[in-house]
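So the structure is just underneath, and the comments pick up after that.
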Amino acid sequence: MIDFQLLKSEEGLNRVLTSLKRRGDESSSTDLKTIAEKRSATIREVEALANERNVQSKKLGELKAQGKQAEFDELREKMKEVADRLKVLKEQESEVEEKFRYLLDRLPNLLDDKVPDGKDETQNVVLRTVGEVPKFPFAVKPHFEIAEAHDLVDFERGVKISGARFYVYNEQIAKLERRLTNFMLSTHERAGYKERTIPLLVKDECMYGTGQFPKFADEYYRMEKDALSLIPTAEVPLTNIYADEIINEEQLPIYLTALTPCFRREAGSAGKDTRGLVRVHQFYKVELVKFVKPEDSEKEWLALTADAERILQKLGLTYRVVSLCSGDMGFTSSITYDLEVWMPGLNRWLEISSCSNFKDFQARRAKIRMKNATTGKNEYLHTINGSGVAAGRLIAALLEYHQTAEGGIDWPAIEAKLNA
RNA sequence: GGAGCGGUGGCUGAGUGGUCGAAAGCGGCAGUUUGCUAAACUGUUGUACUAGGUAACUGGUACCGAGGGUUCGAAUCCCUCCUGCUCCGCCA
């Protein structure tokens, strides 16, 4: 969440409103200032009355100890009224607090000044393209046609077992995925990321901490009985490792990575990418997460993006780096670069990684702080993360790049890339 | 799943209705002593919100697993939930 102290000044409020407008968010942001003010006023009232109660209660204790029964009884009667009044006031306070939290919880992160203006994904800005768009001397096929033709992926049985957007990898793809994820983890380990194995089911407070809850709750699988959610990305448990903790500044930066399945309901994407491995309910992904000092976050975010790019470079895939425009930015992110890989068979660019700087937005929600070594004060640190990268889409890309004129797959070529 | 016992500050651990944000010890920080280190001694040491102040800081409120309740007053009493440990059962 954003620093709600911003709402108190004209200047801060304008920053919030400008950012919201750039996002194309028409939510009731103007209410914020009024609610924030009402909240402060109510808190002041409650605290003043609570102070009186505390002072008089202390006095009652003294009177009793001194055996002054008459004075005790008199004051006690008076304080009953104060207690009643306080009770009513406290109810008002929690009502205001609830309204305030409701708005604040649903308020997106402030956009970085460098985020380009734009309405939707069509106005994202391509920063650079790495590699050439490959040319084939034959008619290229999308990955799912190749996979079906050679029985590499069993889409029907995936549907039989679990429904649409589920799949079964047969032997060669299953093994390729195992090789690829291992390759990605090793590559990141060399760049300084520490691997973790983490829970795939998380509490609501974790989903809140990284910003999935409460606004986007419908997009995730939740186990109602146990009040746990299947993670949509390793970002959730990985970031929450340090929830509610204060980290010494000297221990930063912390780089973490994890391989996990990711589960997404894909609610609202009916009819989109219905074939293939591009949009599925479950896929493996290697995630990169960084905890950094605020002053380092831009540098560290660019470095993390480069770490994700390295995977695509090593595998010889053509991709471009895209700066998401204001209207296409995610709720929690302050600035995001997407990596889009060229898909020869689909004949389009496909998002395979999304690298974001959240600044202190997630840190505030998850209460992840650092102790400033010079001032000794606790401050919110910055969190950064990105996919490094999504395995399912990576497999799809490799199949399309290494298809042969005969309609098969050049396995040795893939193998060579992995061994390079 | 059953039975029993617990959850207190960075840690250990006291505290069963009033002056308890909370004893004591450890750790941390500052200082004194010291040729240096160590030891000893002295002081200091939580978080969030809130009001004032440029700030250092000062005042207030809240927090003793979480949420409710009783009371003028709750770490302490009552209820619900969560969670840890030990034993038993079950499963891998």
Side-chain angles (χ1 to χ4, degrees), chain A residues 1-9 11-12 32-105 197 199-209 213 222-229 237 240 242-251 360-381:
Chain A
M1 75 180 105
I2 65 159
D3 179 4
F4 70 76
Q5 305 291 355
L6 280 172
L7 303 174
K8 289 184 176 172
S9 70
E11 186 201 347
L32 266 166
K33 194 178 163 67
T34 9
I35 300 254
E37 276 163 6
K38 198 173 169 195
R39 174 176 173 272
S40 303
T42 315
I43 286 174
R44 253 174 286 157
E45 257 186 283
V46 167
E47 291 193 349
L49 199 58
N51 178 239
E52 190 188 343
R53 179 205 59 196
N54 291 347
V55 169
Q56 300 300 341
S57 289
K58 221 169 244 190
K59 195 169 175 194
L60 271 167
E62 287 165 21
L63 289 175
K64 196 175 185 186
Q66 291 162 5
K68 295 180 177 166
Q69 194 58 41
E71 285 176 56
F72 178 88
D73 288 341
E74 194 190 334
L75 186 55
R76 188 166 152 259
E77 282 310 305
K78 243 205 239 153
M79 291 320 290
K80 273 187 185 171
E81 285 169 36
V82 172
D84 288 343
R85 211 143 38 93
L86 189 57
K87 197 174 173 182
V88 174
L89 264 180
K90 274 190 172 168
E91 272 163 27
Q92 285 176 16
E93 186 196 14
S94 54
E95 265 174 49
V96 175
E97 187 71 33
E98 199 182 317
K99 278 186 199 158
F100 182 66
R101 293 292 307 201
Y102 185 91
L103 290 175
L104 200 61
D105 283 346
T197 297
L200 306 179
L201 285 163
V202 297
K203 296 181 184 175
D204 291 347
E205 57 207 77
C206 292
M207 295 290 274
Y208 174 83
F213 281 4
R222 186 169 183 277
M223 311 290 143
E224 208 52 55
K225 252 187 199 170
D226 300 289
L228 293 169
S229 296
N240 278 286
Y242 292 108
D244 247 319
E245 294 193 21
I246 300 170
I247 301 166
N248 285 329
E249 191 182 337
E250 304 84 65
Q251 290 173 274
D360 61 5
F361 191 84
Q362 291 183 327
R364 260 210 173 73
R365 291 185 153 234
K367 298 193 183 72
I368 310 174
R369 288 169 295 175
M370 57 165 236
K371 191 167 279 293
N372 186 307
T374 41
T375 64
K377 301 256 186 211
N378 300 325
E379 304 169 13
Y380 290 107
L381 48 69

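Letters go in sequence order (proteins before strands), and every chain restarts at 1. Bear in mind that the values here come from a model prediction, so they are computed numbers and not experimental data.
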Check whether any side-chain nitrogen or oxygen of A/Asn51 sits under 4.0 Å from OP1 or OP2 of B/U61, and answer yes or no. yes
A/Arg369 side chain near B/A48 phosphate (N/O to OP1/OP2, under 4.0 Å): yes
Nucleotides 71-84 of chain B: protein proximity per nucleotide (B base, S sugar-phosphate only, - neither; heavy atom, under 4.0 Å): -BS-----------
Anything under 3.5 Å between a protein N or O and an N or O of nucleotides 49-51 of chain B, put it in a table, one pair a line.
{"unit_1": "B/U50", "atom_1": "OP1", "unit_2": "A/Lys8", "atom_2": "NZ", "d": "3.3"}
{"unit_1": "B/U50", "atom_1": "OP1", "unit_2": "A/Arg39", "atom_2": "NH1", "d": "3.3"}
{"unit_1": "B/U50", "atom_1": "OP2", "unit_2": "A/Gln5", "atom_2": "NE2", "d": "3.0"}

Would you say [X] and [Y] make side-chain contact, with heavy atoms under 4.5 Å?
X	Y	value
A/Asp105	A/Arg365	yes
A/Met1	A/Tyr208	yes
A/Lys59	A/Val55	no
A/Arg222	A/Asp204	yes

Pairs under 3.5 Å (Watson-Crick or G-U), crossing ones as [ ], inter-strand ones as |: RNA chain B comes out as ((((((((.[[[..)..(.....]]]((((((.......))))))(((((((....))))))).[[[[[..)....]]]]])))))))....
Identify each donor-acceptor pair in which a side-chain atom of residues 74-96 of chain A lies under 3.5 Å from a protein atom, sequence neighbours left out, and give them as a table.
{"unit_1": "A/Ser94", "atom_1": "OG", "unit_2": "A/Lys90", "atom_2": "O", "d": "3.3"}
{"unit_1": "A/Ser94", "atom_1": "OG", "unit_2": "A/Glu91", "atom_2": "O", "d": "3.0"}

Within residues 87-102 of chain A, those residues having any heavy atom closer than 4.0 Å to RNA chain B are none
Go through B/U47, B/U19, B/G60 for me and flag the one nearest to the A/Ala65 side chain. B/U19
Dump every N/O contact between nucleotides 64-66 of chain B and the protein below 3.5 Å, one line per pair.
none

